[in-house]
Amino acid sequence: DVPGVAAYYLSFEFCRRRFSTSTKVPSNRLSHLALSGALGGVAFWLIALPFDHVKSRIQVSDERTSFSIFSILRNTPISQLYLGFGSAIARGVPGSAIVFVVYARVFDFL
């Protein structure tokens, strides 16, 4: 999950800063935070879902781990690595938007 979480925070911070400089409005605006959080959620699943797919295939496989990783990557089309992307986005985008809005509001309060 580390690459996904890195993409999550990096894309959130990039979008938040980009929105504030392009609109000349402070970056803690609700719409900026929610949209930046939502895009962070998309970035997370774009990176994390293929890793999650490979992990799941290894967990249910009887083969040795090193062989499984390479055979899965070699024999699996990219489209299959992203099975469930729609469901992940449907749950991840609103959740990420809410998390970052609440985080920023609490941070401002403290």
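Nothing here was measured: the structure is a model prediction, and the numbers come from that model.
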Treat each ILVMFWY residue as a node, draw an edge where side-chain heavy atoms are under 4.5 Å apart, and state whether Ile78 and Phe85 are in one component. yes
Any link between Val106 and Leu30 through a network of hydrophobic side chains (Ile, Leu, Val, Met, Phe, Trp, Tyr) touching at under 4.5 Å? no
Do Tyr9 side-chain atoms and Gly40 backbone N/O form a donor-acceptor pair below 3.5 Å? no
Only counting residues at least two apart or in another chain, list the ones meeting side chain to side chain contact (heavy atoms under 4.5 Å, CB included) with Ser36. Phe12, Cys15, Arg16, Phe19
Distance col, row Leu39:CG vs Arg18:CZ, nearest 0.5 angstrom, shows 13.0 Å
Closest contact, heavy atoms only, Ser96 versus Gly41: OG-CA, 3.3 Å
Between Phe14 and Val101, is there shared hydrophobic-cluster membership here, with clusters defined by ILVMFWY side-chain heavy atoms closer than 4.5 Å? no
What distance separates Glu13 CD from Phe100 CZ, expressed to the nearest 0.5 Å? 8.5 Å
Taking all non-hydrogen atoms of both residues, which atom of Ala43 and which atom of Ala7 are closest, and how far apart? CB-O, 3.7 Å
Separation between CG (Leu46) and OH (Tyr82), nearest 0.5 Å, reads 5.5 Å
Would you name the heavy atoms of Ile47 and Gly4 that are closest together and state the gap between them? CG2-N, 3.7 Å
Check: residues 48-56 side-chain donor-acceptor pairs under 3.5 Å, at least two apart:
| from | atom 1 | to | atom 2 | distance (Å) |
| --- | --- | --- | --- | --- |
| Ser56 | OG | Asp52 | O | 3.0 |

Ile98, Phe109: one ILVMFWY side-chain cluster at the under-4.5 Å cut-off? yes
When you measure from the side chain of Ser11 to the backbone of Tyr8, do you find a donor-acceptor pair of N or O atoms at a distance under 3.5 Å? yes
Mind listing the closest non-hydrogen atom pair of Trp45 and Ile89 along with its distance? CB-CD1, 4.2 Å
